[in-house]
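Just so it is clear, the structure is predicted and the values come from calculations on it, not from any experiment. Sequence lines set the chain letters: A, B, ... in the order given, protein chains first and strands last, and positions in each chain run from 1.
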Amino acid sequence: MLKINNLCVKYDTIRAVHDVSIKINDGELVAMIGANGAGKSTILKTISRIIKAESGSIFFNGKDITKSTSHEIVAMGIIHVPEGRQIFTKMTIEENLKLGAFLENNKSKINENFEKAISLFPLLEERLKQIAGTLSGGEQQMLAIGRALMGSPKLLLLDEPSMGLSPLMTQQVFDALLQLKKEGITMLLVEQNAYDAMEISDRTYILETGKITMSGNSKELIEDPNIKAAYLGGE
Amino acid sequence: MKNRFGGKIVSFLLVLVLVVAMTGCGGSDEASDTINVGAIFNLTGGQASIDEPSYNGFKLAADEINANGGINGKMINVVSYDGKTEQTTVASNVKKMIDVDKCVVIAGLSDSNYALAAGAVAQEKMVPFITSGATLPTLPEQVGDYAFLAPFGDDVQAYAAAEYAIDELGVTKAYLLTDQSMEFTKTLAKFFEERFLEKGGEIVLKDNYMNKDPDFSAQIDRFIANQNGAEILFISGVPDDAGVVVKQFRDKGVTLPVISGDGFDTPLLIEVAGADADDTYVATHTSLDNTSEKVQNFVKAYEEAYGNAPENAFAALGYDAMLLIADSLSRTTDVTNPTEIRDAIGQTSGLEVVTGTITYEEGSRVPNKSVTINKVEGGKFVFQQEVNMSK
Amino acid sequence: MFTFEYFLSQLVNGLKLGSVYAMVAIGYSMVYGILRLINFAHGDIMTVGVYTILVLTTAFGMPLWITVLISIIISVLVGLTAERVAYRPLRDAGEETTLISSLAVSILIQNLLVMIFSPQRVAFHLPEYLSKLYTFGTVRLSTINIITFISVFVILILLSYMIKYTRIGMAMRACSDNMNAAKLMGININTVVVVAFIIGSGLAALSGLMLAGEYKTIDPLMGFVPGLKAFSAAVLGGIGSLSGAVLGGFILGVAEMLFAGLMPTEITPYRDAFVFLLLILVLLIKPNGILGSSDGGRS
Amino acid sequence: MKLRESNLFRFISFVLIPLTIIVYAGFDRGGYYTGLINLVGINIILVASLNLVNGFSGMFSMGHAAFMAIGAYASAMLTLSEVQKLTLMPGLPEWLMALVLPFPITLLIGGIFAAIVALFIGFPVLRFKGHYLSVATIGLIIIVRAVLDNEDQLTNGARGITGLSSHSSTWIIFAIAIIFMFILHRLLNSAYGRGLIAMRDDYTAAQTLGVNLTTKKLSAFCISAFMAGVGGGLWAHMINVISGKFFYIEYSFKIVETSIIGGMYSISGSVIGSILMTYIPELLAPLENGLKIFGTRLPELYGISNIILAVLLIIIIIFRRQGIMGYSEIITESIFSIDTYKSVFQKQEYYKLLKIVGYKIKRIGSIPGYISNRILNRDNKEGK
């Protein structure tokens, strides 16, 4: 589905991402964990072309998308749920969701996605007319994911969905992600919350200061002693 | 923005600027058989609409003089820089004309503030300065003995207008509307009021506006609401606003005659106000339909050179300023000595020019020229009367 | 002195002036709402539109409605080039940077106009049917005033409908709310900005026609001060909101006219100063203007 | 090794050469070149003080000419003789009519007056954010102009004030320019200055660090107004004629343009900006009134220099937003650091400079060689 080869990204002189190569197959949920500032968000932003890559290439279903523009990438079905949710605070929840399906033309597809999003996050349904800015952090995160679903995503990029959420809310969000995984949506999950991410993901990449240090099946990595020491609080 | 790129620019520009500051670009170093005459006009910015025709007239005169042999065989070389309607630029351009281009006489400018600035520089450098269009009567005293006025003063045209209104039109009650943003318009209004009251007239209402304020409806409605029997409107304005204010008065049903100074002597008044411009009297330098041969040649020559009739009276004034210089230069023995040229200018008397005759009485550097009263009839300025205002 | 009729006629003058300010202010708000960009050149694009009409009517004698169409197209082209060359590279720079760039564009257009058409002020006449006068007591209105007054509201309703119910309108609101998020929704920011400039510049051409129609003369520098006043009107009403721009335009027009009309004649020349004093006062009381939403800037 | 690092080079290019030009210009009073150099000096004062607000305090004022006007008129009121004041400003109170003070003191009072107005205007206006503040400062110019044009009794209205004696010699102008640059240099390297820069770079962070924003903003605004007032006084006594229309929006925008091109984030930027913006129009003047190239005379293109400057401004804003000098303070650092002057007496400085110059000449010398072998290389595609 998605192949990234020796990606390098520089902010002025600082090298944020250095020679990163990642592969995501259809239907997989791949996690990417690492400390803050390891370059996780930068990689996502490069995929959806918010920022330009210094060198390296990105392929989606075999097609080179390194040079294509943000809206072409969204049209291909790569939907990015950004860090800090970035919902439209001055517009209603319904309008936020409608915007998620901005590029979708046929009515039935939109309604279908709408039903799917509502079934996943029922609380959104009662408050469709409410201004999005008034939602709590967790609710806004759900709206952001719901909005992403409206764009009938083939590949979902999630940037730290659990950030700033209560444990209960984080659990609800991860349950929703599991649900989506069952429905066969491929996902790239960027998280600081290493344990939960590794629990629900098939494979995991570990990023340190812009470089991939380890990668492999989540099940094996979760047992690995030094991963435990570094990321899982050394239980 | 790599620093190397910035560093390179800095060193390059520094070197360039220092070189220029040290040597200074050489002025025009033609052979000595030409006389350098400085022409300082605001060719861009707010003053351009008045100064540009003036400059055209000035160049036209210079070309004509050069065409028939120049002055005692010497060609006139007009050196001109754009004042940009900025005082610093006007002042430094006059300095450049005198220091770099070695001009022996400077002329130009139609607004007193800029003329004062240019005059101050010329005075300091003892080079005669003739303002082609600024009509502040006290300018020569304020600047010094090297400053001359080519046109008549505001006082002369204002007195002529006031006397014409009372003697010829037999009106006694006037409404006074003044543009407060210009030196020329304020002085003109002051002198008109002075002479109008002196001759027993009465100013029934006074009002103000600012140049570039296109909307006069506030002032017009205030006038309509309390006309107090006004019989004539004296509007002290500049060519740009002439047509607009008359049209707006007529649109609001005010049909009283209008009278003003040379600011209203512009084809724009007729173009904008059309038939409504009728019954407007203008005290100005000359009338373009004056059958005198000098005036008609000027209008024809201007049309040939620039493709349209002179835009306003300032075109003729620019032309006359050059004629005045040429006449004085022909009477000067050593044309490289500015002080001699100044004395020659001072002795000018009875010089026939498009805007009347120029004579400088003993010691006065403001010519007492005749004032022509024109009236707009059927879309044309019709000559009414020429008044000789002996002060 | 202050009969009711006098007050009424000054009020009507205010509404006439206000409707022109409102037209220009809507153009400002269209661009500012989305990009937080103050387009100082907006007033000068208006002048470009008016000069196109003048050239086409005098030189080619075309009927007015064709010249208006062409002038809108040319003003739009000028607006788009300015956006493409001077504003797009600065899109994520600070507000001041784009302000300076729009200032430079304004100076550029003014000087180009002065060089192409001479600085001379020139007469500008609308065809007879547009400048016919109707008188009601002391109040006098020409057809162009009535058309301006009506078209302000027509345009307001059209644009508000577009913003609320069309796709491009929603995209505009999204960009105005959060530019980055809009990008992630697959909205092509450049198209949204181009559409905003097309509408803004088109409105500028129209308001230029109405301003020149009212005052019957045009000159290359005529656009700047009305542009500045219209911007103050947009800020007064609540920048970014179209109805705010219209409201601000009328308030400013009426306030300026009543000030000039009712105050003693000595201080009538303080008219422009009063307009900006009013602006500063309103901004002190309500920083986002009367109808302005709490402008959190780009979150 | 860069030329910039050698103190001797800094001494020569930033102290010696400018000093000789200033001293030379001081003698040739009223000359065209002196006039330009004086203009550069006054522009430095205006732009450097504007940079304090626009470049270092995160505000963006476009109304600098208003303070210049206040300073100009205030100092003119105190240098004119009683007779002049009777004709020009009849409305002045008795004691002010008689009061004639020495020139430097009138400059000071002009500056203080401008600072007081800045305090009075600044208090409400500085709470605005971003471009609302810029538009409010434009409003300030229009208000000041309206007052100057219409209070005939005090300012002789649109007729303006004439007959000011030209006190501003080149030496006074540059002495004040150097003093102001020194004050700004010290200010910006002090805790106060760091507070300003913190406020500029991250408004909220500065707030949390206890940087008292309103007083800092206000103080920066008043200091810059004070300097602009003094600059106005100097300008008035150089041009000898002042009127409201000369301090209007166009002139204020020119100061902003100069500050941006030179580099608004550095005091040295104001020096470079002033030099460029004073000389570029002069260099373009021959182009404007019809250049004679190979005999053919180009048509007169009046207004071309305004267009070129506007285009230059757009290019600078897009490709080098921090202006030509960027953040480098090379000029002020070299003028105000002791070792620049010590270097004159140190022998090894001369050897160092000679070494660098030698190295530079060698590099320049090698350029023809470098180009020729590049051409040769291109034919056989040898990798670099």
About how many Å separate CZ of A/F121 and CD of A/Q141, when rounded to the nearest 0.5 Å? 8.0 Å
At their closest point, which heavy atom of [X] faces which heavy atom of [Y], and how far apart are they?
X	Y	value
A/A197	A/E191	CB-CB, 3.8 Å
A/P153	A/A148	CD-O, 3.7 Å
A/V20	A/G210	CG2-O, 3.4 Å

Among A/I79, A/V74, A/V81, A/I78, single out the residue with the greatest number of heavy-atom pairs under 4.5 Å to chain C. A/V74
Within residues 185-198 of chain C, which positions have a heavy-atom distance to chain A below 4.5 Å? C/M185, C/G186, C/I187, C/N188
Does the distance from a Lys or Arg side-chain N to an Asp or Glu carboxylate O, for A/E72 and A/K67, drop under 4.0 Å? no
Using a 4.5 Å heavy-atom cutoff, which residues in residues 44-63 of chain A come close to chain C?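 Listed by number: A/S48, A/I50.
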Just checking heavy atoms, which of residues 92-101 of chain A are less than 4.5 Å from chain C?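 Counting heavy atoms that sit under 4.5 Å from chain C, the residues of residues 92-101 of chain A involved are A/E95, A/K98, A/L99, A/G100.
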Less than 4.5 Å apart, side chain to side chain, heavy atoms only: is that true for [X] and [Y]?
X	Y	value
C/L211	C/M46	yes
C/I45	C/N39	yes
A/I43	A/M32	yes

Geometric class of the C/F40/C/F224 ring pair [parallel <30°, tilted 30-60°, perpendicular >60°]: parallel
Taking the six-membered ring for Trp, are C/F250 and C/F153 parallel (under 30°), tilted (30 to 60°) or perpendicular (over 60°)? parallel
Just by distance, no angles: are the side chains of C/D44 and C/S106 close enough, under 3.5 Å, to form a donor-acceptor pair? yes
For C/A255, what residues pass the side chain to side chain contact (heavy atoms under 4.5 Å, CB included) criterion, not counting sequence neighbours? C/F274, C/L278
Centre-to-centre under 6.0 Å for C/Y165 and C/Y161, is that the case here? yes
